[in-house]
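Each remark here refers to the structure printed beneath this line.
Counting convention: from 1, in listed order, for ligands and their atoms alike.
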Amino acid sequence: MKVTVLKTAEEIGVAVAKIFTDEVKANPDCILGLATGASPIPTYNNIIKTHKEEGISFKGVKTYNLDEYCDLPKADKNSYYTFMHEQLFNGLDILEENVHFLDGNATDTDAECRRYDNEINEAGGIDIQLLGIGNNAHIGFNEPADSFTDGSFKVKLTDSTIEANKIYFDENPMPHYALTMGVNQIMSAKKIVLIATGPKKAEAVRNMIKGEVTPQVPASILQNHNDVEIFLDEAAASLL
Ligand code: GLP
């Protein structure tokens, strides 16, 4: 794991955006795995900035998002579909048919998860996967569990995750279920970049980097990947 500690979330955004825009420059048809939450927002702002300033085209890029809430209309302001369009896609020339999400409203969620996994595999797999980390060290929506998950699946969110994310839900109640890529699937990305900022992430970050590899700390599996870059601010790095 390559760990970089920077002073501010904005500096992290600049550094991580460069990793992604360099990839798009070198490989205009790359496959990107994307994440939601507050952590990647400065990265997305800086990707849009570079796209506009340097004229890098995203027309050949395909994206696959990590997860999506169940039982929330796609157009809801809190769906990850809406988040990604507002925070990133609307500022790029990416093609709508090239952005992909799990459908949290599918009636047959198992079939939906298999469809998504197959599509990623058929596209050639993810070149760079962006991750945040939950306060309980979840990645995507892979909550602490007895074993590491494999492909995409429907998950019941933990109280800790509901507590952390419910601040965004003022109209509809926060869903208690989501569809998420599985841990092994995340691990199959060629490169992984994880961002963690703020003091609430410090314990999860320490356990991810210094603790044993255990499904009770889902992000600890990243110790077994050969190309992981972790970007922290000083607060998130304070227990290392
Ligand atoms: C959600 C997402 C995760 C994200 C986490 C942390 O649970 N499913 O992918 O990493 O939130 O979010 P934040 O960056 O807002 O702390």
**Message:** Distance under 4.0 Å to a non-hydrogen atom of Ile133: what atoms of ligand 1 satisfy this?
**Reply:** 6 (C), 10 (O)
**Message:** If I take atom CG from residue Asn78 and atom CG from residue Asn165, how far apart are they, to the nearest 0.5 angstrom?
**Reply:** 9.5 Å
**Asked** Which residue supplies the protein heavy atom nearest to atom 5 (C) of ligand 1, what is that atom called, and how far is it?
**Response** His138 NE2, 3.7 Å
**Asked** When the ring planes of Tyr80 and Phe83 are compared, do they come out parallel, tilted or perpendicular, using 30° and 60° as the limits?
**Response** perpendicular
**Message:** Quiz question: by atom type and distance under 3.5 Å, do the side chains of Ser160 and Asn135 form a donor-acceptor pair?
**Reply:** no
**Request:** For Ser39, take its heavy atoms, then give the atoms of ligand 1 lying under 4.0 Å from any of them.
**Result:** 13 (P), 14 (O), 16 (O)
**Message:** I need the Gln129 CD to Leu34 CG distance, nearest 0.5 Å.
**Reply:** 7.5 Å
**Item:** Nitrogen or oxygen atoms of Ala38 and ligand 1 under 3.5 Å apart
**Value:** yes
**Complete:** shortest atom 12 (O) of ligand 1-to-protein heavy-atom contact is with Gly37 CA, 3.9 Å
**Message:** Once rounded to the nearest 0.5 Å, what's the spacing between atom CG of Asn136 and atom CD of Gln216?
**Reply:** 10.0 Å
**Fill in**
for atom 8 (N) of ligand 1, nearest protein heavy atom and its distance come out as Asp67 OD2, 2.7 Å
**Fill in**
Checking heavy-atom distances from atom 3 (C) of ligand 1 to each of Pro40, Ala219, Gly140, the winner is Gly140
**Message:** Phe141 versus ligand 1: do any nitrogen or oxygen atoms come within less than 3.5 Å of each other?
**Reply:** no
**Asked** If you round to the nearest 0.5 Å, how far is CG of Asp117 from CG of Leu102?
**Response** 7.5 Å
**Message:** Is it the case that ligand 1 has an N or O less than 3.5 angstrom from some N or O of Thr161?
**Reply:** no
**Request:** Look at atom 1 (C) of ligand 1 and say which protein heavy atom is nearest, naming residue and atom and giving the distance to 0.1 Å.
**Result:** Asn165 ND2, 3.5 Å
**Message:** For Val14, run the side chain to side chain contact (heavy atoms under 4.5 Å, CB included) check against Glu11, Lys18, Glu10 and tell me which one passes.
**Reply:** Glu10
**Shortest protein heavy-atom distance from atom 16 (O) of ligand 1, along with the residue and atom involved** = Lys201 NZ, 2.5 Å
**Request:** Could you tell me whether Thr36 and ligand 1 have an N or O pair separated by under 3.5 Å?
**Result:** no
**Message:** Among Leu130, Asn65, Ile41, which residue satisfies the side chain to side chain contact (heavy atoms under 4.5 Å, CB included) criterion with Thr36?
**Reply:** Asn65
**Prompt:** Taking heavy atoms and a distance under 4.0 Å, where does Ile195 meet ligand 1: side chain, backbone, both or neither?
**Reply:** neither
**Request:** Would you mind telling me if ligand 1 is within reach of the side chain of Tyr80, the backbone, both or neither, using heavy atoms under 4.0 Å?
**Result:** side chain
**Message:** Working note: Glu96 + His85, criterion side chain to side chain contact (heavy atoms under 4.5 Å, CB included); need CA distance, chi angles, decisive distance, verdict.
**Reply:** CA-CA 10 Å; Glu96 180 62 24; His85 282 78; 2.7 Å; yes
**Asked** Do Glu54 and Thr21 meet the criterion of a side-chain donor-acceptor pair at a distance under 3.5 Å?
**Response** no
**Item:** Nearest candidate to atom 10 (O) of ligand 1, where distance is taken over non-hydrogen atoms, out of Gly132, Gly198, Ala178
**Value:** Gly132
